[in-house]
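Step one of this worksheet: look at the structure below.
Chain identifiers are assigned alphabetically (A, B, ...) following the order of the sequence lines, protein sequences preceding nucleic acid strands; residue numbering begins at 1 within each chain.
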4 protein chains.
Amino acid sequence: MKHVNAGIIGLGRAGQMHLRNLMTIPEINIIQVADVFIDKISDKLNDLGVTNQTTDYHEILNNPDIDTVFVFTSTDTHEQIVTDAANAGKNIFCEKPLSMSHDEEASLDVLRAVKKNNVKLQIGFNRRMDPQFRTIFENVREGKIGTPQMVKITSRDPDLLPHDLIQRIGGLLQDFTMHDFDMARYMMGSNISEVYAKGGTLIDPTLKDIDDVDTLALVLQFENGAFGVIDNSRRAVYGYDQRVEVFGSEGMLKAENVNNSTVELYNDKREELKKPLPMFQKRYKEAYTEEMKAFVDSILNDTPLVAQGSDVIMAQRVANAAKKSLDTGLPQKVDTTFSLDETKTNA
Amino acid sequence: MKHVNAGIIGLGRAGQMHLRNLMTIPEINIIQVADVFIDKISDKLNDLGVTNQTTDYHEILNNPDIDTVFVFTSTDTHEQIVTDAANAGKNIFCEKPLSMSHDEEASLDVLRAVKKNNVKLQIGFNRRMDPQFRTIFENVREGKIGTPQMVKITSRDPDLLPHDLIQRIGGLLQDFTMHDFDMARYMMGSNISEVYAKGGTLIDPTLKDIDDVDTLALVLQFENGAFGVIDNSRRAVYGYDQRVEVFGSEGMLKAENVNNSTVELYNDKREELKKPLPMFQKRYKEAYTEEMKAFVDSILNDTPLVAQGSDVIMAQRVANAAKKSLDTGLPQKVDTTFSLDETKTNA
Amino acid sequence: MKHVNAGIIGLGRAGQMHLRNLMTIPEINIIQVADVFIDKISDKLNDLGVTNQTTDYHEILNNPDIDTVFVFTSTDTHEQIVTDAANAGKNIFCEKPLSMSHDEEASLDVLRAVKKNNVKLQIGFNRRMDPQFRTIFENVREGKIGTPQMVKITSRDPDLLPHDLIQRIGGLLQDFTMHDFDMARYMMGSNISEVYAKGGTLIDPTLKDIDDVDTLALVLQFENGAFGVIDNSRRAVYGYDQRVEVFGSEGMLKAENVNNSTVELYNDKREELKKPLPMFQKRYKEAYTEEMKAFVDSILNDTPLVAQGSDVIMAQRVANAAKKSLDTGLPQKVDTTFSLDETKTNA
Amino acid sequence: MKHVNAGIIGLGRAGQMHLRNLMTIPEINIIQVADVFIDKISDKLNDLGVTNQTTDYHEILNNPDIDTVFVFTSTDTHEQIVTDAANAGKNIFCEKPLSMSHDEEASLDVLRAVKKNNVKLQIGFNRRMDPQFRTIFENVREGKIGTPQMVKITSRDPDLLPHDLIQRIGGLLQDFTMHDFDMARYMMGSNISEVYAKGGTLIDPTLKDIDDVDTLALVLQFENGAFGVIDNSRRAVYGYDQRVEVFGSEGMLKAENVNNSTVELYNDKREELKKPLPMFQKRYKEAYTEEMKAFVDSILNDTPLVAQGSDVIMAQRVANAAKKSLDTGLPQKVDTTFSLDETKTNA
């Protein structure tokens with residue numbers, strides 16, 4: 001069996017979740033882990049048998065036994081760490097975004113470093129590997145519904161986030177809807193060329209203070225002529241609501257929510273056991289593992305990456321355009337050209 | 001038992017369907033029927049026991065035994081017949097629209113005649129009485145989902161209509177989406193104050209020749225701050241797709257399609273018996289009867305009308321605004337004030 | 001249009017329900033109705049336009065304008081009325097059983113009168129015409145699941161019946177399970193040749209005083225080698241539970257309960273709107289109308305009867321054998337031969 | 001973190017599946033593995049990092065670092081190995097049955113060794129830990145459906161087994177239905193006191209040559225007065241059919257099959273993506289892991305075992321009685337007393 005020799009950078013809550021998933025994949029050897037606050041979790045890591053620990057991610061980048069790094073640090077560090085990792089010749093897994101900068105150039109610079117060093121970079125658009133959505137994707141590709149004409153995404157979070165967290169990771173469009181933009185584009189196999197966003201603060205009016213909304217309705221137009229609708233909310237009291245539907249010339253595919261149980265209860269109280277899975281950690285548990293397996297497969301067998309650098313650029317552009325639409329009340333065009341050639345991009 | 005003594009005007013295909021429904025309602029006595037081509041169907045009507053027939057609807061309006069008329073004639077006659085019927089002091093059931101005129105004033109004049117003569121006019125927004133959608137409506141009103149924040153409507157026809165029929169009854173927005181505008185407003189209990197429509201001809205490019213589209217994605221804004229998304233298609237190969245969902249601060253209600261059967265077939269061919277009901281006649285069979293029963297109840301017991309004149313005006317305004325949005329590429333405001341006072345309306 | 005000219009005998013609660021159904025079938029002219037207590041409901045009948053009323057069913061049998069009688073009187077009168085009607089040359093619709101006698105000969109004598117007079121007799125096994133079960137039946141016949149090997153029926157009443165009513169109409173096996181025996185035989189297209197019944201009084205122990213049970217588990221063997229399982233209860237707190245499944249060499253067909261609504265409610269209370277339809281009147285509303293339509297079709301177009309005399313004999317035999325199994329604790333064979341030839345039957 | 005130090009005995013197909021599951025449980029350290037044909041799979045095991053391998057299970061029993069053994073060898077070895085392991089003071093996980101002997105005494109002797117050495121023995125009734133069935137179990141225990149009155153189990157294998165395998169592992173009742181007997185008893189919280197089994201060879205008539213059947217219908221009576229129905233088949237062409245329903249005085253709980261996907265496809269071909277999971281390995285994947293986690297928890301925290309020795313004895317007795325019922329055509333009583341006291345048992 002061929003192996004990926006991995007270093008993990010960032011072991012906060014998300015990082016620890018990913019670590020446990022990575023440990024269940026036989027092809028991955030975890031060689032070393034890094035976190036600036038490694039002391040706080042050192043015992044826990046030892047208990048898991050992960051004993052090669054450091055506070056300095058450069059140790060991992062300098063470790064010749066490591067060929068691949070998984071970056072789970074906070075988003076403000078992505079730009080630096082991914083660039084360093086690329087320059088160190090490591091394959092990289094990283095969550096979006098690649099940069100906090102509002103200027104796309106910063107992210108493109110990261111991708112240029114990846115390209116120059118000829119390493120693999122997979123973006124954490126995990127929903128692409130959710131078994132339900134993946135089934136839709138594959139059936140669309142197999143032509144089961146003919147030419148896709150409409151994608152419908154409902155995406156609702158179980159509850160509001162603290163304002164400071166929103167300010168750190170971006171507002172509803174940047175942090176949340178961006179996943180839907182990527183999903184819509186992935187399903188339709190076409191870039192989003194125009195977006196119209198309408199939204200407001202129906203749940204928490206103080207979100208206006210940090211220039212954010214909690215409710216969104218959007219219309220998308222795709223390069224190939226198809227359309228999309230998205231609706232978002234920050235608080236669905238019944239759980240995490242994640243549904244995707246693709247309609248085409250020969251049929252329709254739709255994925256309802258995944259429930260915690262399929263058991264039906266019938267009594268005289270009209271009680272119900274089924275409920276959507278409550279949080280992204282549970283809802284996308286399989287997706288998190290599957291995206292890692294796909295990344296391993298891409299490294300070991302040179303299969304295509306599930307999501308690459310250009311995908312995050314494209315989703316980011318739509319999020320930026322949607323924000324402008326929200327601010328201006330007008331639909332916004334989205335640039336669908338992509339090139340890492342600096343001359344052109346600067347033009 | 002109190003009775004409604006009814007005259008029926010218009011016995012084309014739709015009229016005959018309605019006639020059969022009306023005959024199953026014990027409170028309705030059918031006194032007389034009129035159709036300009038009554039000869040062609042006279043035998044069929046006699047067979048049903050409906051023997052008092054005429055070619056001239058004025059006979060019905062002049063018949064003192066008749067208190068209520070059901071108007072099922074083609075839309076270009078609505079303005080005249082409803083006005084005449086109102087002036088004859090009859091209660092009136094009529095399908096939308098009230099006038100073919102693009103100027104709302106014509107419809108308002110009809111409503112003024114209705115008001116002046118103090119008769120009841122119910123508009124055929126039958127979907128309001130569909131048992132599924134009505135269950136949603138009632139649960140929303142009972143507060144089961146708190147404050148409504150988002151309405152989602154998917155409405156897809158089973159197949160394209162002939163171009164000449166479209167030209168007679170109006171394009172996708174006027175004939176089809178208008179029902180969704182009414183449903184959205186009905187569910188949310190608030191007027192639509194802005195609409196954005198994006199669409200195209202993904203199925204039949206020649207629809208451009210008659211200034212129509214076959215595919216639509218829309219965003220609605222309501223007066224009360226809530227939002228809506230609608231998606232439409234002229235051709236869903238799997239049948240007539242009619243779904244409504246209302247999301248609110250305390251939960252969500254959703255109605256999936258009604259299937260022709262609940263029987264599940266499991267074999268090694270992955271065959272499926274369930275399919276959405278194929279056409280509006282079957283899908284809304286109960287709704288057609290229920291709207292008539294409600295109208296009877298309104299006449300006999302003075303309960304509120306299910307849908308009244310102002311409802312058709314409001315839906316029409318949104319359809320007009322949506323058409324303008326489609327043409328201009330920009331969202332359009334919708335006037336939400338309503339008055340039959342001529343001075344004000346002319347202002 | 002050809003018509004059935006009908007007389008209705010018996011207008012208690014069941015009779016009135018059937019009357020209203022019959023009035024919606026255009027091919028049926030209701031000529032006359034009879035009930036021993038006709039005075040009590042005369043006004044109600046007049047209101048429905050059913051004015052030709054009598055207390056004496058013989059008037060109906062002697063009425064030459066009537067070709068078909070619908071018998072909805074109490075079961076203790078079936079034997080006499082059906083025999084009289086047959087001898088009067090009328091086609092007959094009648095609920096099971098044909099006789100209160102425990103000796104099958106009495107029922108066979110009724111069938112002999114029917115045969116001798118060459119009239120049609122349809123038995124009210126209405127569930128055969130329930131759209132769900134009928135869909136299963138038709139797909140089984142079309143070979144969609146190959147050779148049927150197992151039928152599974154769950155049949156649970158919403159609540160206990162009064163003891164005196166049970167004594168009048170028969171216990172659980174005679175009144176309730178008998179429908180399941182007929183359904184099982186209908187689905188499998190084969191006679192039940194052996195039955196094993198196990199039951200007890202888990203809900204109402206005093207049922208023992210009238211030699212009845214409230215809970216049953218049964219195994220059936222069919223002549224063609226297939227098997228069946230049935231479970232019954234007198235009280236399902238969640239409503240009327242009526243499910244049928246047929247399993248075969250090439251697949252499986254199953255009908256779950258029909259719910260009062262397909263609308264889904266999601267909130268934080270895990271509340272549910274869907275519930276099985278509460279009572280047989282609602283659950284089998286369509287079945288009651290469909291069986292009448294099929295009877296009309298059989299009379300007018302000589303199509304096969306949905307359920308005939310021998311069907312009730314066969315179901316009755318299984319019920320009797322099941323009662324003996326319950327009493328003895330042993331499986332019981334069931335005679336599957338059928339003949340109206342008196343010599344043979346008496347042998 | 002406390003750990004279980006494990007030895008694994010038997011690494012055939014089932015053993016390797018279990019090994020991979022055990023490796024995902026952090027509390028389990030796999031110290032040593034044994035298989036008589038260890039050479040054939042040595043490389044594969046090394047690749048998984050399982051390098052301490054032996055052909056002789058006694059090495060494991062003699063290894064003082066090991067506190068717990070998992071026995072995945074063929075059933076004819078269970079009696080010897082479990083007894084040896086108990087005498088070596090190891091906790092034991094073992095699949096049913098404990099002995100090939102038709103005399104229950106042999107199994108009781110194994111349990112006496114377990115008791116004498118005061119070790120834990122968990123039986124592999126994995127379905128008890130299936131998330132769906134476990135949800136039913138817990139809700140029944142919480143009183144959500146009141147007093148259980150009826151349990152309904154449908155259990156159908158995807159295809160016939162080779163005759164020689166059947167002869168090795170036992171026929172339909174011994175190998176397959178036995179799981180249903182355990183499930184029925186587990187759900188109802190009461191011993192099965194009587195069983196009636198009816199069956200035949202509807203799929204493979206040559207099964208008669210090895211005294212087996214492929215189709216079964218059963219009725220159960222429980223000590224507490226409740227009832228049960230089970231139906232089995234060796235070949236469901238649509239996959240592995242595993243359903244459980246419990247009905248009680250206050251409601252009903254039911255688990256339908258777990259499908260491979262929740263994605264719905266609608267097209268004009270009535271095609272369906274959903275299908276029951278095809279085989280026990282996939283259907284009960286979570287159950288296999290959960291039963292191991294529960295066993296670990298029982299060892300480390302002295303929580304109750306999910307399934308213990310007496311459970312297999314009880315299921316075995318019902319299987320034996322059901323076989324006798326099948327052979328004689330008569331219902332059979334089942335002894336529900338249990339004691340390891342040799343004097344009493346021999347009495």
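The candidate with the highest count of non-hydrogen atom pairs below 4.5 Å against chain A, out of D:K44, D:R20, D:K144, is D:K144. Counting heavy-atom pairs under 4.5 Å between each of D:G251, D:A255, D:P26 and chain A puts D:G251 at the top. Each of D:V246, D:T24, D:V244, D:T135 has some count of heavy-atom pairs under 4.5 Å with chain A, and the biggest count is that of D:T135.
In D:E27, the CD atom is crowded: over 12 heavy atoms of neighbouring residues, nucleotides or ligands sit closer than 6.0 Å. By the 6.0 Å contact criterion, NZ on A:K285 is open, its count of non-hydrogen atoms from other residues, nucleotides or ligands being 12 or less. For D:R141, the CZ atom is densely surrounded, since the number of other residues' heavy atoms within 6.0 Å is greater than 12. No more than 12 heavy-atom neighbours from other residues, nucleotides or ligands sit within 6.0 angstrom of CD on A:E286.
Counting all heavy atoms, side chain and backbone alike, A:Q132 lies closest to D:T262 at OE1-OG1, 2.7 Å.
Taking the salt bridge (Lys or Arg N to Asp or Glu O under 4.0 Å) definition, one finds that A:K293 meets it with A:E290, sequence neighbours left out.
Heavy atoms of A:N139 lying under 4.5 Å from chain D belong exclusively to its side chain. Heavy-atom distances place the side chain of A:I145, and not its backbone, under 4.5 Å from chain D.
With rounding to the nearest 0.5 angstrom, the OG atom of D:S261 is 10.0 Å from the CD atom of A:E138. With values rounded to the nearest 0.5 angstrom, D:E245 atom CD is found 9.0 Å from A:Y266 atom OH. Distance check: D:L265 CG to A:I136 CD1 gives 10.0 Å after rounding to the nearest 0.5 Å.
Here the side chains of A:L253 and D:L273 are in contact, with some heavy-atom distance below 4.5 Å.
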